[in-house]
There are 2 protein chains.
Amino acid sequence: MSDSDKSVVSRLRKLIGEGFYPPGERIGEVAVAEQLGVSRTPVRLAFRTLEQEGLLQRAGKRGFMVREFTEADVLCAVEVRGVLEGLAARRLAEQGLSPALAEELTVWIQKGRELLAKGYLEERDVDVWSELNRRFHETIVGSAGSPVIGDAIARNNHLPFAAADSIVIDSEALDREYRKLQLAQTQHELVLQALSHGEGARAEMLMREHAFIGLRYGELLGLGPGLGQPRADD
Amino acid sequence: MSDSDKSVVSRLRKLIGEGFYPPGERIGEVAVAEQLGVSRTPVRLAFRTLEQEGLLQRAGKRGFMVREFTEADVLCAVEVRGVLEGLAARRLAEQGLSPALAEELTVWIQKGRELLAKGYLEERDVDVWSELNRRFHETIVGSAGSPVIGDAIARNNHLPFAAADSIVIDSEALDREYRKLQLAQTQHELVLQALSHGEGARAEMLMREHAFIGLRYGELLGLGPGLGQPRADD
DNA sequence: AAGCTCTACTTTGGATCCAAACATAATATC
DNA sequence: GATATTATGTTTGGATCCAAAGTAGAGCTT
């Protein structure tokens with residue numbers, strides 16, 4: 001994929017995510033091409049990719065429309081990630097956690113501990129957490145014995161809000177987010193514990209529950225509605 | 001997607017599945033275009049679709065290569081389908097099975113009963129089973145409250161052997177396949193039972209186990225190796 | 001006036017052309 | 001003789017052209 005091709009897909013993803021192209025509305029190739037300053041060719045290619053990612057869908061006989069996502073869809077996407085990461089964790093527990101892998105996971109756990117040790121959250125901590133969280137999840141999914149699970153998760157993550165690193169939602173209320181990250185950290189540690197002991201079912205369930213942290217734990221901690229803002233990165 | 005565009009994706013899928021383009025080998029646009037008798041444009045579009053489906057992957061900086069699947073990948077893809085269909089079943093059980101839906105599922109169960117009632121299997125029964133099996137699964141997945149799960153399963157099903165309707169593998173040994181379908185039928189009935197009673201966890205686990213029927217039950221029934229032949233349909 | 005049909009316009013799909021990037025091979029220089 | 005640089009060839013990506021299919025609108029007919 002050339003740089004600009006990748007860029008077209010990425011920019012379109014962003015624009016769609018931001019609601020620039022309204023959900024349910026038809027999206028034309030020429031309009032997008034002019035908007036992005038490229039010819040129709042890379043747009044046509046990008047549309048195929050975005051169709052497979054689930055952000056676009058066929059509009060009748062001709063062309064595409066922006067897919068609309070309900071709150072139920074978002075919840076479902078989070079659950080899908082939960083069961084898939086749960087599957088990865090269970091397989092990992094069943095095949096036995098190698099010392100090297102335990103080491104690797106402990107690194108990210110330790111980084112999490114250090115991050116939270118000072119008792120509060122700073123602005124720049126958000127990125128650090130996002131990174132270590134991503135690596136922790138990636139390590140588990142990537143070690144499940146086949147790239148198939150990771151692929152399924154990657155495709156699912158294209159849906160808005162579904163990705164694991166969309167946890168931190170409000171950098172204005174870092175004190176309240178702190179408690180959420182504490183919970184996430186504890187869950188990470190419990191997962192590692194279960195993995196180390198070969199407790200497949202427990203690891204699976206912990207991982208499943210962990211998926212909900214960006215969604216349902218807000219209510220619990222008084223952080224407002226369950227759905228946050230879209231993550232800034234892409 | 002135009003007819004011929006769809007046809008290019010479909011034909012390429014078939015050719016890749018049949019091993020015409022060897023796994024791990026680079027696949028060029030011009031070569032495929034000439035092979036299929038079209039210009040490069042539809043091939044380029046198809047490559048993007050197949051990349052997202054996971055059948056092709058980027059080969060370094062330039063072009064694509066046919067992805068190779070190990071036995072572990074196939075097993076994993078089956079497990080992925082299992083957890084996803086399990087998720088759908090659990091959600092369905094938790095939200096309560098509507099009378100209309102129970103009716104719908106009963107139709108396919110009943111058709112399965114009728115198919116197996118005569119005590120043996122005929123050649124033409126294979127298609128009938130394939131159809132009712134597909135409808136049974138589709139109905140459950142499609143009623144899970146969000147198309148997200150179905151999409152994830154659909155994407156997963158593009159991988160060879162992963163689809164639910166790749167159960168019937170040997171139309172030469174119909175007498176042995178009969179026992180397998182009997183088991184599948186029983187599992188269908190148990191799933192419906194669990195769904196009707198709102199037994200979410202049980203429905204989920206039954207559905208998960210059911211996913212293995214095309215893979216692991218062969219050994220059990222003395223049907224030879226766990227992996228069958230690719231399904232003929234597309 | 002309503003419905004049907006024909007036409008004109010819009011939009012997408014396929015083919016081709018051109019440019020750019022990567023790879024390979026050959027030649028020149030150290 | 002080996003290495004580096006250049007030149008050529010191969011392949012992909014982007015733009016444009018043309019054709020086909022769909023849609024909408026207007027005009028004609030009943």
Side-chain angles (χ1 to χ4, degrees), chain A residues 1-16 19-68 151 154 158 234, chain B residues 1-16 19-68 151 154 158 234:
Chain A
M1 192 171 288
S2 79
D3 287 347
S4 57
D5 190 2
K6 208 172 201 118
S7 155
V8 168
V9 173
S10 186
R11 282 198 286 168
L12 258 177
R13 241 190 247 130
K14 196 182 189 66
L15 287 170
I16 291 171
F20 183 86
Y21 298 105
E25 194 164 294
R26 188 135 157 203
I27 186 169
E29 292 176 0
V30 278
V32 173
E34 285 170 10
Q35 175 73 22
L36 299 182
V38 293
S39 87
R40 276 181 53 220
T41 307
V43 175
R44 288 170 67 183
L45 293 171
F47 276 14
R48 298 317 191 281
T49 298
L50 293 172
E51 179 198 14
Q52 289 300 116
E53 287 185 359
L55 266 66
L56 295 182
Q57 61 185 177
R58 298 276 164 181
K61 288 291 179 187
R62 230 147 112 114
F64 294 88
M65 54 187 287
V66 178
R67 176 146 167 209
E68 30 194 351
D151 291 350
H158 288 126
D234 184 39
Chain B
M1 195 172 286
S2 79
D3 287 348
S4 57
D5 190 2
K6 209 176 200 113
S7 155
V8 168
V9 173
S10 184
R11 282 198 286 167
L12 258 176
R13 240 191 249 130
K14 197 181 188 68
L15 287 171
I16 291 170
F20 184 85
Y21 297 105
E25 194 163 295
R26 190 137 157 198
I27 185 169
E29 293 176 359
V30 277
V32 173
E34 286 171 9
Q35 176 73 23
L36 299 182
V38 292
S39 87
R40 275 180 55 221
T41 307
V43 175
R44 287 171 67 184
L45 294 170
F47 276 14
R48 299 317 190 280
T49 298
L50 294 172
E51 180 199 14
Q52 289 300 116
E53 287 184 0
L55 265 65
L56 295 183
Q57 62 186 174
R58 298 276 165 181
K61 288 289 180 189
R62 228 150 116 118
F64 294 88
M65 54 186 286
V66 179
R67 176 148 167 208
E68 29 194 350
D151 291 349
H158 288 126
D234 185 43

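Values reported hereafter were calculated over all heavy atoms of this structure, with side chains retained and with hydrogens, waters and symmetry mates removed. A quick note: this is a predicted structure, and the numbers were derived from the prediction, not measured.
Nearest nucleotide to the A:Arg40 side chain, out of D:dA15, D:dG14, D:dT16: D:dT16. Considering only the side chain of B:Arg26, D:dT11 comes nearest among D:dG13, D:dT11, C:dG13. The A:Ser39 side chain lies nearest to D:dT16 when the options are D:dG13, D:dT16, C:dG14. Distances were taken from every side-chain heavy atom of B:Arg62 (C-beta onward) to each of D:dT16, C:dC22, C:dG13; the shortest belongs to C:dC22. You'll find that the side chain of B:Pro42 is closest to C:dG14, out of C:dT12, C:dG14, C:dC17.
Distance CG/B:Leu12 to CD/B:Gln35: 9.0 Å, rounded to 0.5 Å. To the nearest 0.5 Å, the span separating CD on B:Glu51 from CD on A:Gln52 amounts to 10.0 Å. Interatomic distance, A:Leu56 CG to A:Arg26 CZ, rounded to the nearest 0.5 Å: 12.5 Å. The CG atom of B:Leu15 sits 11.5 Å away from the CG atom of B:Leu55 when rounded to the nearest 0.5 Å.
If A:Arg44 and B:Ile27 are placed on DNA chain D by their nearest nucleotide, the residue sitting closer to the 5' end is B:Ile27.
Rounded to whole Å, atom P of C:dT12 lies 12 Å from atom CD of A:Glu34. The nearest whole Å value for the distance from the CZ atom in A:Arg58 to the P atom in D:dG22 is 14 Å.
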